[in-house]
Amino acid sequence: MDVLEAMNSCTAMRYFQEKPVAKGEIEKLIHAATRASSPGNSQGWEFLIIDDPEVKRVVGEKVLAGMGPFFANRPTSDDAVEERMLKGAEHLARNFAKVPTWIVCMARKVYPPQDPQESFMHSTIYPAAQNLIVAARSLGIGTCFTTFPGMAEPDIRELCKVPDDLHMFVYVAVGYPERNFMPVKRKPVADVITWNTYS
Ligand SMILES: Cc1cc2nc3c(=O)[nH]c(=O)nc-3n(C[C@H](O)[C@H](O)[C@H](O)COP(=O)(O)O)c2cc1C
């Protein structure tokens, strides 16, 4: 698939088939992620792949314990798109353990070597994570960036023995889609572009 087409239809997928994603496919996604740019080519990224059903079950229970009250008490949104998104987010949280694979995108504070800064971890992990989701789309694999599993970060750290110097940024749900990919809805280019000088 053409890369522009993949970017254009890389919608957040919150509904997945239970069919597993093969190790080779996950490795392709990590290959794509690690083709990204990083500050000074420092490549301080790391990716934790979670597909162990027991780990997903324990983390999923923690996530639901944390998110359940929010979903139970949230008012219905007047905005249909937002309401659909929130319903999807709730479905994803409630079905955490059924998502075939979760990829935790992490980074180490390593740049610049003489005075490592936190901000460069963000600069490192987000281009890589975006490469990952576009590559997944091109392979017909759905993804959704999430941050809500962060409430189970201590559990993930303990269960998966994650070294302390790895910082967790975004948790990507990965699986074959149960819904269609759609064109993403974004602001028109004309609204966000300025050539040379603001008038
Ligand atoms: C850093 C980041 C965190 C996100 N966290 C969540 C999340 O916790 N739950 C969720 O359902 N979607 C999450 N999203 C997905 C966005 O909500 C989604 O991309 C946005 O609504 C646009 O929808 P689209 O990508 O399908 O066009 C996150 C996206 C980013 C970039």
Side-chain angles (χ1 to χ4, degrees), residues 1 3-16 29 32-33 36-38 45-48 50 56 59-107 118-153 155-156 166-189 191-192:
M1 174 184 275
V3 70
L4 296 178
E5 192 186 334
M7 288 174 180
N8 201 48
S9 58
C10 191
T11 36
M13 189 59 63
R14 300 184 178 90
Y15 298 84
F16 296 101
L29 303 187
S37 177
S38 62
W45 42 52
E46 286 250 351
F47 303 87
L48 170 66
I50 304 181
K56 289 191 295 177
V59 175
E61 276 178 10
K62 295 279 179 181
V63 162
L64 204 55
M67 294 295 287
F70 165 76
F71 288 125
N73 298 316
R74 78 168 178 87
T76 308
S77 173
D78 295 338
D79 182 295
V81 175
E82 187 183 49
E83 184 57 26
R84 204 167 45 241
M85 186 194 77
L86 288 167
K87 282 215 169 96
E90 178 172 359
H91 174 85
L92 190 56
R94 290 196 185 283
N95 290 279
F96 187 96
K98 287 186 180 166
V99 174
T101 305
W102 284 91
I103 300 181
V104 187
C105 298
M106 305 177 293
E118 186 163 337
S119 61
F120 285 116
M121 289 196 286
H122 300 259
S123 320
T124 296
I125 204 60
Y126 283 109
Q130 181 67 21
N131 264 16
L132 188 157
I133 70 164
V134 173
R137 169 66 193 99
S138 79
L139 296 169
I141 296 168
T143 57
C144 185
F145 281 138
T146 70
T147 47
F148 66 77
M151 63 185 53
E153 180 176 331
D155 306 278
I156 298 174
L166 279 171
H167 298 253
M168 298 184 176
F169 286 92
V170 68
Y171 307 75
V172 185
V174 180
Y176 290 98
E178 205 174 63
R179 304 224 167 153
N180 293 333
F181 293 109
M182 304 286 281
V184 295
K185 293 198 179 83
R186 301 290 187 260
K187 292 177 184 175
V189 172
D191 285 10
V192 297

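Residues take their numbers from the sequence shown, with the count starting at 1. Order of listing sets the numbers, starting from 1, for every ligand and every atom in it. Keep in mind it's a predicted model, so treat the numbers as computed, not measured.
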I want to check something: taking the side chain as every heavy atom from C-beta on, are [X] and [Y] in contact at a cut-off of under 4.5 Å?
{"X": "Phe148", "Y": "Leu92", "result": "yes"}
{"X": "Ile50", "Y": "Lys56", "result": "yes"}
{"X": "Gln130", "Y": "Phe145", "result": "yes"}
{"X": "Ile125", "Y": "Met106", "result": "no"}

Residues 169-187 side chain polar contacts: donor-acceptor under 3.5 Å, at least two apart:
none

Taking only heavy atoms of [X], which atoms of ligand 1 are found under 4.0 Å from at least one of them?
{"X": "Ala89", "value": "11 (O)"}
{"X": "Val184", "value": "27 (O)"}
{"X": "Thr11", "value": "26 (O)"}

How far is [atom] from the closest protein heavy atom, and which atom is that?
{"atom": "atom 7 (C) of ligand 1", "value": "Thr146 CA, 3.5 Å"}
{"atom": "atom 23 (O) of ligand 1", "value": "Arg186 NH1, 4.1 Å"}
{"atom": "atom 21 (O) of ligand 1", "value": "Met85 SD, 3.4 Å"}
{"atom": "atom 2 (C) of ligand 1", "value": "Phe145 CB, 4.0 Å"}
{"atom": "atom 8 (O) of ligand 1", "value": "Thr147 N, 3.0 Å"}
{"atom": "atom 19 (O) of ligand 1", "value": "Ala12 CB, 4.1 Å"}
{"atom": "atom 16 (C) of ligand 1", "value": "Arg14 NH2, 3.8 Å"}

**OP:** List in chain and number order the residues that pass salt bridge (Lys or Arg N to Asp or Glu O under 4.0 Å) with Lys87, two or more places apart in sequence or in another chain; answer none if no residue qualifies.
**Re:** Glu83
**OP:** Verify the neighbour count for atom CG of Asp191: are there more than 12 heavy atoms of other residues, nucleotides or ligands below 6.0 Å?
**Re:**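 Atom CG in Asp191 is packed in, count exceeds 12.
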**OP:** Examine ligand 1 and decide if any of its atoms is less than 4.0 Å from a heavy atom belonging to Cys144.
**Re:**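 Checking ligand 1 against Cys144, which is what was asked, there is a heavy-atom contact under 4.0 Å.
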Original post:
Which pair of heavy atoms, one from Cys144 and one from Phe16, lies closest together, and at what distance?
Top reply: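 The answer is N-CZ, 4.5 Å.
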